[in-house]
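In what follows, chains are A, B, ... by sequence order, proteins preceding strands, each numbered from 1.
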Amino acid sequence: MLRIVVIRLIQAIPVLLLIAVMAFILMHLIPGDPAVVIAGADAGPAAVERIRHELGLDRPILEQLLNWLVNLGTGDFGRSLVLNQTVLSAVGERLPVTMSLAMLSLAITLPIGVFLGILAAYFRGSWIDAAVMTLALVGVSVPAFWIGILSVILFSVTLGWFPSAGYAPLLADGPGAWLSSLIQPAFILSLFQIGFLARMTRSGMLDVLDQDFIRTARAKGVSEWRTVGRHAFRNALVGVVTVAGIILSLLIGGSVVIEQVFALPGIGRLVVQAILARDYPLIQGTMLLFGFAFVVINICVDLIYLWVDPRVRYD
Amino acid sequence: MTRVPLLSVENLTVQFRGDRGWVTAIEDVSFEIGAGENLGIVGESGSGKSVSALSILRLHGRANTRYASGAIRFGGRDLLSMSERELRKVRGGDIAMIFQDPMSSLNPVLTVAEQIIEPLQLHQGLSAAAARRRAIELLEMVRIADAGRRIDEYPHRLSGGMRQRVMIAIAIACQPKLLIADEPTTALDVTIQGQILELLRDLQREIGMSVVLITHDLGVIAEFAQRVLVMYAGRVIEQAPVAALFDRPMHPYTDGLIDAVPKLEGDLHRLTTIPGNIPDLATVIPGCRFNPRCREAKDACRRDPPALLPVGPDHLSRCPPRAAAGGAV
Ligand SMILES: Nc1ncnc2c1ncn2[C@@H]1O[C@H](COP(=O)(O)OP(=O)(O)OP(=O)(O)O)[C@@H](O)[C@H]1O
Ligand SMILES: [Mg+2]
């Protein structure tokens, strides 16, 4: 097991390197100059040039790239150009917000999506199936920011149940405040993924429910609930785990928009600020972090496979 | 004969919902099994053997199946009109079932132990530890070597023959009064087939259960069963004690089936099969369902649906005794 983790991490190194180079190139391809942003609107060309020189932006691109990569190798992600902070500390400060949001969303998505998917599969072709699938379709076709704004108007402004913006740290403000600051954005993020998960669970369950061993379970006198929940779902679980991994990645990606709407100081908001300011090191650093997150998620999914499917375990 | 049957299926008709409405898969099927008796059911592929067998425990998909008429009496109760809850107590308890394909009949993500223990806990309320001990005993009963270790394996680690043994262990876990075996050896090697049948026969004696054995191998029937039901196109067309069926088959279809059995001393090239195919469920055939394929069909056969009538002691046939053809086999 440990061996698998180590192998997968080593395999991930070239991928991460590729992400780093791509992030660098992409950032330098888009127009805009951080020196202009830093110098401000009134600064003359001489001032801008001085800042460019101070930041090392006047050196050849290739040299900048190599410098950055070498520093990365020593664990130095560089300093943000606009925040008075290293990239690591800027990211580290905001990571808990985004992780809290993504995990809470996943915790909402998994049970609801799986339950709806199982329900739709078991009652295939009935009105229950149709209702779940329609719900799933609506969930994925409505834009997040729109639902977000409507939700704020209803639950924050009109009803006053949840704060409309801002984040309450778990340790400082306690779980109640933490949860109420996140529940709204987390739920909105989930809305999209629940439909996706329900669809995937349904199709996985439909395959399994037709298998001979389901008939065997019934022939043993096993109840319908147990037949579906244990005999069928355990088999559909492999597919569900794969989808859950994809969903976690999507949730992290989705945080970019939802953190804007709810003014949550997370990675998503940091990325947007960094891009607007052309803060190269910070953008590159966060993109690497996203890449690393996806690698870790995939390793987790593979490990869960081992636990879920005995056929994989032995091969 | 006056015996109190263990199970009696009376005039059972089962229909499935198809693209164009309900189609009848089996019609007016009746048979009985006495305690400790072995009943064989034979017929070509698609003749309705599995549909009949699965109907006993109502194992067809609930949404698309209609048990249109009839009754299935077991221990003084009608399995067809029982609630799901009551029926679940019978399934795997007094009546157990094994299936054709042992590769797909076991759950791939549960260990052998988990799958055998389930009926023991459900029907006999055994504790986890007691159920496990009993499960190992059961694996030994079905002659799986090294049962204490095998019990924690997953099905994909076992051979086809072993999986069928595990299926049998699950089926006999609660000492059923009736075991329904739907082509239990068809998917296995010839040598393994013999072993499985022998095992079934031994277990049957040990437990004192009755067995319904479905097969299209008349040779197996001859060895295993006391009475035989011959099915064609969803109907019982002949029913007889095994000796009578082989000595004096009354229905031309039965004749054909017997002729199709390869005989060791015979020349393989002379092996006959019944010409033509079993009709589709939706096809309407006036008169005897077998008449288009029957060498001896007369006008009456194409006009009037024949009834299943006594033609000898404990012997029923949908074809009346034939003066000339009798004993032609
Ligand atoms: N669930 C179902 N829905 C619709 N039609 C079915 C269903 N089950 C069986 N049938 C049809 O009923 C007919 C009889 O099938 P059955 O499985 O009983 O045949 P069989 O005698 O067991 O054949 P085999 O020897 O191939 O197992 C076939 O035409 C089959 O297609
Ligand atoms: Mg069959």
Side-chain angles (χ1 to χ4, degrees), chain A residues 114 118-130 132 201-202 204-242 301 303-315, chain B residues 17 50 53-54 56-64 84-111 114-124 152-157 163 166-167 170-171 173-174 176 179-180 182 187:
Chain A
V114 163
I118 292 177
L119 213 62
Y122 187 73
F123 296 103
R124 102 182 73 166
S126 73
W127 66 268
I128 297 178
D129 187 14
V132 170
T201 305
R202 175 181 180 271
M205 285 296 286
L206 283 183
D207 287 343
V208 178
L209 284 172
D210 274 342
Q211 309 259 326
D212 287 351
F213 58 79
I214 296 301
R215 191 182 55 195
T216 305
R218 293 204 171 107
K220 288 197 284 192
V222 177
S223 69
E224 285 299 288
W225 265 120
R226 199 173 150 95
T227 301
V228 172
R230 179 177 156 93
H231 288 263
F233 184 64
R234 277 291 305 272
N235 280 273
L237 201 53
V238 174
V240 170
V241 169
T242 311
V301 166
L303 289 180
I304 298 175
Y305 278 162
L306 289 183
W307 171 68
V308 165
D309 190 343
R311 286 160 297 190
V312 181
R313 208 177 308 162
Y314 284 99
D315 293 341
Chain B
R17 198 202 308 267
S50 296
L54 288 166
I56 296 174
L57 287 176
R58 278 172 30 204
L59 287 173
H60 295 294
R62 228 184 303 172
N64 297 312
E84 277 286 323
R85 203 187 168 76
E86 282 177 298
L87 187 64
R88 277 206 297 275
K89 291 189 196 132
V90 178
R91 290 176 177 164
D94 280 343
I95 303 181
M97 188 157 183
I98 58 178
F99 304 96
Q100 175 168 341
D101 190 355
M103 294 298 175
S104 57
S105 295
L106 288 170
N107 193 327
V109 302
L110 300 179
T111 61
E114 287 171 294
Q115 303 191 51
I116 304 186
I117 283 172
E118 208 164 25
L120 291 169
Q121 295 193 314
L122 277 173
H123 298 295
Q124 304 192 327
D152 292 314
E153 298 268 31
Y154 287 92
H156 74 280
R157 307 264 290 171
R163 288 185 213 190
V166 171
M167 279 299 292
I170 293 172
C174 302
L179 174 69
I180 304 166
D182 187 355

Where do [X] and [Y] come nearest, in terms of heavy atoms and distance?
X: A/R202; Y: A/A120; value: CD-CB, 3.7 Å
X: B/A96; Y: B/A171; value: CB-O, 3.1 Å
X: B/H123; Y: B/C174; value: CB-SG, 3.8 Å
X: B/M97; Y: B/A53; value: CE-CB, 3.9 Å
X: A/T201; Y: A/F233; value: CG2-CE1, 4.5 Å
X: B/A173; Y: B/L120; value: O-CD2, 3.6 Å

message: I need the residue from B/E118, B/E114, B/M167, B/K89 with the largest number of non-hydrogen atom pairs under 4.5 Å to chain A.
response: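 With the most close heavy-atom pairs to chain A, the winner is B/E118.
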
With a 4.5 angstrom heavy-atom cut-off, which part of [X] approaches chain A: side chain, backbone, both or neither?
X: B/L110; result: side chain
X: B/Q115; result: both
X: B/I180; result: neither

- prompt: Just how far is it from atom CG of A/D309 to atom CG of A/N235, taken to the nearest 0.5 Å?
  reply: 8.0 Å

query: Which distance, rounded to the nearest 0.5 Å, do you find between the OG1 of A/T227 and the CZ of A/F213?
result: 11.0 Å

Under 4.5 Å between any side-chain heavy atoms of [X] and [Y], yes or no?
X: B/R91; Y: B/L59; value: yes
X: B/P155; Y: B/N107; value: no
X: A/V301; Y: A/I304; value: no
X: A/V228; Y: A/M205; value: yes

field: Leading residue by heavy atom contact count with chain B [cutoff under 4.5 Å; candidates A/L209, A/V238, A/V208, A/D212]
entry: A/D212

field: Sorted by number, residues from residues 121-128 of chain A in contact with chain B (heavy atoms, under 4.5 Å)
entry: A/Y122

message: With a strict 4.5 Å heavy-atom criterion, list every residue of residues 214-224 of chain A that contacts chain B, or say none.
response: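 Interface residues of residues 214-224 of chain A: A/R215, A/T216, A/R218, A/A219, A/K220, A/G221, A/V222, A/S223, A/E224.
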
- prompt: Non-hydrogen atoms of chain B under 4.5 Å away: do they reach the side chain of A/V308, the backbone, both or neither?
  reply: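 When you check distances to chain B, only backbone atoms of A/V308 fall under 4.5 Å.
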
